[in-house]
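Atom set for the values below is all heavy atoms of this structure, side chains included, hydrogens, waters and symmetry mates excluded. First the proteins, then the strands, lettered A, B, ... as listed; each starts at 1. Everything numeric here is computed off the predicted structure, so don't read it as measured data.
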Number of protein chains: 2
Amino acid sequence: MAAATIKDVAREAKVSVASVSRAMNGGSGVTAETSLRIQQAADRLHYIPHAAARMLITRRTNTIGALLPDLYGEFFSELIRGIDLAARARGLHLLVSSSHDGLDEAAAAVRSMQGRVDGLLILSGRVDAAFLRANLPKTLPVVLLNSAVKSAAYSVLNVDNHAGASAMVRHLLKAGHANVAFIAGPEGNFDAAQRDKGYRAAMTRYAPDAPINIVPGDFSEESGYRAGRELLAQKHRPDAVFAANDMMAVGCLTAFKEAGLRVPQDIALAGFDDIPIARYVSPTLSTVRVRIVDLGRHALEHLAGLLENPDQSPATAQTLGCEIVVRESCGASTT
Amino acid sequence: MAAATIKDVAREAKVSVASVSRAMNGGSGVTAETSLRIQQAADRLHYIPHAAARMLITRRTNTIGALLPDLYGEFFSELIRGIDLAARARGLHLLVSSSHDGLDEAAAAVRSMQGRVDGLLILSGRVDAAFLRANLPKTLPVVLLNSAVKSAAYSVLNVDNHAGASAMVRHLLKAGHANVAFIAGPEGNFDAAQRDKGYRAAMTRYAPDAPINIVPGDFSEESGYRAGRELLAQKHRPDAVFAANDMMAVGCLTAFKEAGLRVPQDIALAGFDDIPIARYVSPTLSTVRVRIVDLGRHALEHLAGLLENPDQSPATAQTLGCEIVVRESCGASTT
DNA sequence: CTGAAAGCGCTTACAG
DNA sequence: CTGAAAGCGCTTACAG
């Protein structure tokens, strides 16, 4: 037995397919009685409208696509959760294409989503305005997450890395650590660059006499370890170290422990991201938390707004705040 | 300018739409020259076949749906990665609906996917055969992940929790810990039940004289802590403790430390899952690892097989192995 | 090899 | 309120 179609329901309820269609879509334009009879017939036949037929005629898929890079565990799942919850609340489906690391892969993914989605959510450090122009019809609503793209044509939703980093540096300074060093993230990474700027801005503003002290890193634990050793080898050891992400902070912590230093008594430490591990290292790691679920949720809601109001020009870049999480490693309680 | 349709391409290439269709689908039934002319016309017009129209006529969506519960970070992202990679390799799209905790929610999600997917991947501790019969057409291929369902009608792919737990218990016994206690997971949880059985089986087989010693837990860190205290209060303290998951092992470790016990010298400890935190607690936690990416990949590939060969009766339950990860906490090196 | 035509399952003006 | 009919963009027998 093949699935029932609108024709079957029409026959069963002894009405035209037009009436069935109306009844199934809210019932306006049909009497309550007719509608009820149709509903019952539909139930009897286990009728479910064919999605593709509907998409074809309405030009609406009720689906949004999410294009994501090869993301690390926690971040990925939180982001999807936020997007998924918001999508479900609005009756939208979610087509996911993740684990992309190359631009070509991303282009293929975006093209293959063509016609299957009403809008697109894109998180990618490498996608720029040129890529979007080349691979997407300008009619497709797009929301960019954590992107450096600055174009009136695309909506952008960013995490306020700058403010988060700045706030943490300020916190460290206020806790009495005069010299705060920074372990940078990978070059070309948008988040890393903004955290770097936040560090510099806070130092310039709140500790104009202290040196800007930046050592390189690449977001890996290993690079944090190397950075830690490098910092310890400096003539004037910093009082506090702010790593551009938690994994580097964890690596750095290992280096400090190996050198026999006590954290935070001898040297303070802070990271960025608030990954689960931050709570389990000892001392527990102070860090900056991003509400990733909210990031996903906001992104989807902004996109949904674009779908409902296509004429509305995309909002200028929006920003989502971070919050400082004070634990043991930054030595705030010792002041 | 609306998107180009097959008609536009036909006109541009001066052929019928039938020929365009053939050319776009591999080109069999058209001369190479005609095909080339059509391709060029299509490129000029930036033609992309309308997905919905194609679905409607071919009855194929080239999409698979994934229904997932409210999963914890790492597991979720790894699973999706495995599914996504395998799907992309086969040119399949991935429609995700996650974060379900109720059966009603799951039912609604599954129904709304109807007609949008060619097959379904379902991970859920609560979905049973009755649910599937009630909410899915029996023609839709389904692969169940980590499920207790035993029905010839559905394919099932499980993690070999039993073998993994059993192997860890055996390892602890071989390392010289005569009395191994077990911290159980939540009642009704499929993984937890299998790990429990694995513990019992290994004890019965390899340490028939030692007592089966099980204390309750619910997979939370907090419950692990309580279990740890409970174990310490026993008349005969166990030599080793095997927790049904890592989070409980971490909680248990805290209880041991508070009591002034050294792990593994005074008491050994092991968990299950190999979450990232396992590497960062001290001592580092021995555990059982599940290759989650492989779980996702295998599931998708099995489902894809079902799609290509619908007549083939679903394979009987398959199982994916685990591996023991020996770190400091189980005291294996001290034997 | 190529094309005209039917049809996939729906929605929506257009009449009545 | 209700129905007949056109049409969304494609694929695929069926002829030629």
Side-chain angles (χ1 to χ4, degrees), chain A residues 1-39 41-42 45-63 93 112-118 137 139, chain B residues 1-39 41-42 45-63 111-118 137 139:
Chain A
M1 137 209 130
T5 73
I6 197 172
K7 280 188 174 176
D8 300 318
V9 178
R11 195 180 313 118
E12 176 86 6
K14 303 192 193 306
V15 293
S16 72
V17 296
S19 290
V20 176
S21 176
R22 291 185 192 108
M24 301 303 293
N25 292 301
S28 88
V30 240
T31 48
E33 302 145 74
T34 317
S35 192
L36 180 64
R37 202 166 77 242
I38 293 172
Q39 281 298 349
L45 269 40
H46 294 103
Y47 171 64
I48 295 188
H50 194 285
R54 198 175 250 181
M55 287 180 206
L56 181 56
I57 193 83
T58 62
R59 328 252 63 183
R60 256 268 197 175
T61 64
N62 288 312
T63 303
H93 289 264
S112 79
M113 279 187 172
Q114 208 82 242
R116 314 181 80 104
V117 299
D118 295 334
T139 51
Chain B
M1 139 207 126
T5 74
I6 197 172
K7 279 186 173 177
D8 300 320
V9 179
R11 193 181 315 120
E12 176 86 6
K14 301 189 194 308
V15 293
S16 71
V17 294
S19 290
V20 176
S21 176
R22 293 185 190 107
M24 300 304 292
N25 291 302
S28 86
V30 241
T31 50
E33 301 145 73
T34 316
S35 193
L36 180 63
R37 203 167 75 244
I38 293 172
Q39 281 297 353
L45 268 41
H46 294 101
Y47 172 63
I48 295 186
H50 195 284
R54 196 177 252 179
M55 289 179 204
L56 180 57
I57 192 85
T58 61
R59 327 251 66 184
R60 257 266 198 175
T61 64
N62 288 311
T63 303
R111 285 155 170 272
S112 80
M113 279 186 171
Q114 208 81 244
R116 314 179 80 103
V117 299
D118 296 333
T139 51

K.L.:
Is a donor from one side chain sitting under 3.5 angstrom from an acceptor on the other, for A:Arg22 and A:Thr34?
P.N.:
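A:Arg22 vs A:Thr34: no donor-acceptor pair found between side chains.
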
K.L.:
For DNA chain C, whose closest nucleotide is more 5', that of B:Ser19 or that of A:Met24?
P.N.:
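The 5'-side residue here is B:Ser19.
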
K.L.:
Measure from CG on B:Asn25 to P on D:dG9 and round the result to the nearest Å.
P.N.:
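From B:Asn25 CG to D:dG9 P: 17 Å.
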
K.L.:
What's the closest nucleotide to the A:Ala18 side chain, out of C:dG9, D:dA4, C:dG3?
P.N.:
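Output: D:dA4.
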
K.L.:
Find out whether A:Met24 and A:Val20 are in side-chain contact, i.e. whether some heavy atom of one side chain is under 4.5 Å from a heavy atom of the other.
P.N.:
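In contact.
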
K.L.:
So which one's nearest nucleotide on DNA chain D is more toward 5', A:Lys14 or B:Ile48?
P.N.:
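By nearest-heavy-atom nucleotide position, the 5'-most residue is A:Lys14.
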
K.L.:
Check whether any side-chain nitrogen or oxygen of A:Thr34 sits under 4.0 Å from OP1 or OP2 of D:dT2, and answer yes or no.
P.N.:
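So the side chain of A:Thr34 is within the cut-off, an N or O lying under 4.0 Å from OP1 or OP2 of D:dT2.
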
K.L.:
Nearest whole angstrom, please: distance from the P of C:dC8 to the CG of A:Asp8.
P.N.:
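Distance check: A:Asp8 CG to C:dC8 P gives 11 Å.
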
K.L.:
From C-beta outward on B:Ser16, which listed nucleotide comes closest to its side chain: C:dA4, C:dT11, D:dC8?
P.N.:
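So the nucleotide nearest the side chain must be C:dA4.
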
K.L.:
Just how far, in rounded Å, is P of C:dT11 from CG of B:Leu56?
P.N.:
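One finds 12 Å between P of C:dT11 and CG of B:Leu56, rounded.
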
K.L.:
For C:dG3, which nucleotide is its Watson-Crick or G-U wobble mate, given both distances must be under 3.5 Å?
P.N.:
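With both distances under 3.5 Å, C:dG3 matches D:dC14.
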
K.L.:
It should be established whether B:Arg59 places a side-chain nitrogen or oxygen under 4.0 Å from OP1 or OP2 of nucleotide D:dT11.
P.N.:
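The answer is no; no side-chain N or O of B:Arg59 sits under 4.0 Å from OP1 or OP2.
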
K.L.:
Tell me if the side-chain of A:Arg22 makes a donor-acceptor pair with the base of D:dG3, cut-off 3.5 Å, by modelled atom types.
P.N.:
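Result: at least one qualifying N/O pair found.
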
K.L.:
Tell me the interatomic distance from A:Lys7, atom NZ, to C:dG7, atom P, rounded to whole angstroms.
P.N.:
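In whole Å, C:dG7 P and A:Lys7 NZ are 8 Å from each other.
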
K.L.:
Considering only side-chain heavy atoms of B:His50, which listed nucleotide, D:dC10, C:dC10, C:dG9, is closest?
P.N.:
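Among the listed nucleotides, the one closest to the side chain of B:His50 is D:dC10.
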
K.L.:
Would you kindly say whether A:Arg116 and B:Asn62 are connected by a side-chain donor-acceptor distance under 3.5 Å?
P.N.:
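Absent: no donor and acceptor within the cut-off.
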
K.L.:
Of all the nucleotides listed (C:dT2, D:dT2, C:dT11), which has the minimum atom distance to the side chain of A:Val30?
P.N.:
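The closest nucleotide is D:dT2.
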
K.L.:
Which part of the nucleic acid, if any, lies within reach of B:Thr31 when heavy atoms closer than 4.0 Å are counted: base, sugar-phosphate only, or nothing?
P.N.:
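The answer is sugar-phosphate, as B:Thr31 gets under 4.0 Å only of primed atoms, P, OP1 or OP2.
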
